[in-house]
Q: 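Below you'll find the structure I mean.
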Amino acid sequence: QVQLVESGGGLVQAGGSLRLSCVASGRGLNYPMGWFRQAPGKGREFVAFISWSGTNTHHTDSVKGRFTISRDNNKNTLYLQMNSLKPEDTAVYYCAESHSLTTSYDHYSDARNYDSWGQGTQVTVSS
């Protein structure tokens with residue numbers, strides 16, 4: 001069983017940047033991964049997806065051009081570089097691992113298709 005631990009969240013002013021990390025322990029990052037976020041009073045929202053090799057990525061429209069998902073399998077670490085942050089990006093950010101090899105958007109954008117989750121890291125963007 002893999003354990004996923006996120007870090008890198010914090011308080012930042014609008015326009016600022018943060019880099020989130022998600023480190024796997026117990027075994028390596030052997031599967032496709034995703035980032036999700038959940039704002040207060042809202043459901044869990046898909047942010048970005050990356051295939052095991054890193055060659056296939058997808059970012060939800062609201063973060064395209066600002067956020068970049070990446071991974072370093074040698075370091076068992078998933079990243080989310082967040083630039084030009086906006087107050088509406090405020091949320092708890094979660095990394096997750098999917099044991100499915102399906103690469104359709106409908107599949108990997110659905111939180112129900114992920115098998116392991118981290119505990120989350122808070123990102124707060126002030127205006």
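Just so you know, these numbers come straight off a predicted model, no measurement behind them.
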Q: Taking the side chain as every heavy atom from C-beta outward, state whether F67 and L80 have any pair of such atoms under 4.5 Å apart.
A: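 They are in side-chain contact.
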Q: Can K86 and D89 be counted as an ion pair, charged N to O under 4.0 angstrom?
A: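 No, this pair does not count.
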Q: Does R71 use its side chain to pair, donor to acceptor, with the backbone of G54 at less than 3.5 Å?
A: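 Pair absent, no side-chain N/O of R71 close to backbone of G54.
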Q: Using atom types as modelled and distance alone, determine if a side-chain donor or acceptor of Y114 lies under 3.5 Å from a backbone N or O of Y108.
A: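 Pair found, side chain donor or acceptor close to backbone of Y108.
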Q: Classify the ring geometry of F46 against F36: parallel below 30°, tilted from 30° to 60°, perpendicular beyond 60°.
A: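 Taking F36 first and then F46, their aromatic rings stand perpendicular (interplane angle over 60°).
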Q: Could you walk me through whether L78 and C95 pass the side chain to side chain contact (heavy atoms under 4.5 Å, CB included) test, one step at a time?
A: CA-CA 8 Å; L78 174 74; C95 64; 3.8 Å; yes
Q: Locate the shortest heavy-atom distance separating N83 from S17; write the atom from each residue and the value.
A: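 Distance-wise, the nearest heavy atoms are OD1-OG, 2.9 Å.
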Q: Distance from S21 atom OG to N76 atom CG, nearest 0.5 Å?
A: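 It comes to 12.5 Å.
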Q: Working to the nearest 0.5 Å, report the span between NE2 of H58 and OG of S104.
A: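 Going from the NE2 atom of H58 to the OG atom of S104 covers 11.0 Å.
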Q: Which one of L85, L11, V92 satisfies the side-chain contact (heavy atoms from CB on, under 4.5 Å) criterion with T124?
A: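 The passing option is L11.
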Q: Go through the steps to decide whether W117 and R44 satisfy the test side chain to side chain contact (heavy atoms under 4.5 Å, CB included), and finish with yes or no.
A: CA-CA 12 Å; W117 292 82; R44 197 159 292 192; 3.3 Å; yes
Q: Around atom NZ of K75, are there more than 12 heavy atoms of other residues, nucleotides or ligands at under 6.0 Å?
A: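 No, because the 6.0 Å sphere around NZ of K75 holds 12 heavy atoms or fewer from other groups.
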Q: With a 4.5 Å heavy-atom cut-off, do Q122 and T90 have their side chains touching?
A: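 Yes, at least one pair of side-chain atoms sits under 4.5 Å.
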Q: Between E97 and D115, does the side chain to side chain contact (heavy atoms under 4.5 Å, CB included) criterion hold? Intermediate values first, please.
A: CA-CA 6 Å; E97 176 185 86; D115 303 278; 5.5 Å; no
Q: If we ignore hydrogens and angles and just use 3.5 Å, is the side chain of E45 paired with the main-chain N or O of G43 as donor and acceptor?
A: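 No, because the side chain of E45 does not come within donor-acceptor range (under 3.5 Å) of the backbone of G43.
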Q: Would a 4.5 Å heavy-atom cut-off, applied to side chains only, mark L29 and L4 as touching?
A: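 Answer yes - side chains close enough.
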Q: Side chains of N56 and F49: does their closest heavy-atom pair fall under 4.5 Å?
A: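 The answer is yes, as the side chains (C-beta and beyond) meet within the 4.5 Å cut-off.
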Q: When hydrophobic residues are tied together by side-chain contacts of less than 4.5 Å, even through go-betweens, does V12 share a cluster with V63?
A: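 Yes, same cluster.
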Q: If you take all heavy atoms of S98 and H107, which pair is closest and at what distance?
A: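 That closest heavy-atom pairing would be OG-NE2, 4.3 Å.
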Q: For residues E6 and L20, determine if any side-chain heavy atom of one lies less than 4.5 Å from a side-chain heavy atom of the other.
A: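 No, their side chains stay 4.5 Å or more apart.
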Q: Side chains of M82 and W35: closer than 4.5 Å at any heavy-atom pair?
A: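 No, their side chains stay 4.5 Å or more apart.
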Q: Roughly how far, to the nearest 0.5 Å, is the CD atom of Q81 from the CG atom of L18?
A: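 Those atoms lie 8.5 Å apart.
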Q: First locate atom OG of S127, then atom CD of Q13, and finally report the distance between them rounded to the nearest 0.5 Å.
A: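 Reported value, rounded in 0.5 Å steps: 9.5 Å.
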Q: So which heavy atom on A14 is nearest to which on P87, and how close?
A: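 In terms of heavy atoms, the two residues are closest at CB-CD, 4.1 Å.
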Q: H59 side chain to G65 main-chain N or O, any donor-acceptor pair under 3.5 Å?
A: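 Side chain of H59 to backbone of G65: no pair is present.
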Q: Taking all heavy atoms of R37 and all of S62, pick out the closest pair and write down the distance.
A: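 Residues R37 and S62, closest heavy atoms: NH2-OG, 3.5 Å.
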Q: For V5 and Q119, which heavy atoms make the closest approach, and how far apart are they?
A: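 Heavy atoms of V5 and Q119 come nearest at CA-OE1, 3.7 Å.
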Q: Could you tell me whether W52 atom CH2 has more than 12 heavy atoms of other residues or ligands within 6.0 Å of it?
A: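 Result for CH2/W52: open.
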Q: Is any side-chain heavy atom of S7 less than 4.5 Å from a side-chain heavy atom of T121?
A: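 They are not in contact (no side-chain heavy atoms under 4.5 Å apart), so the answer is no.
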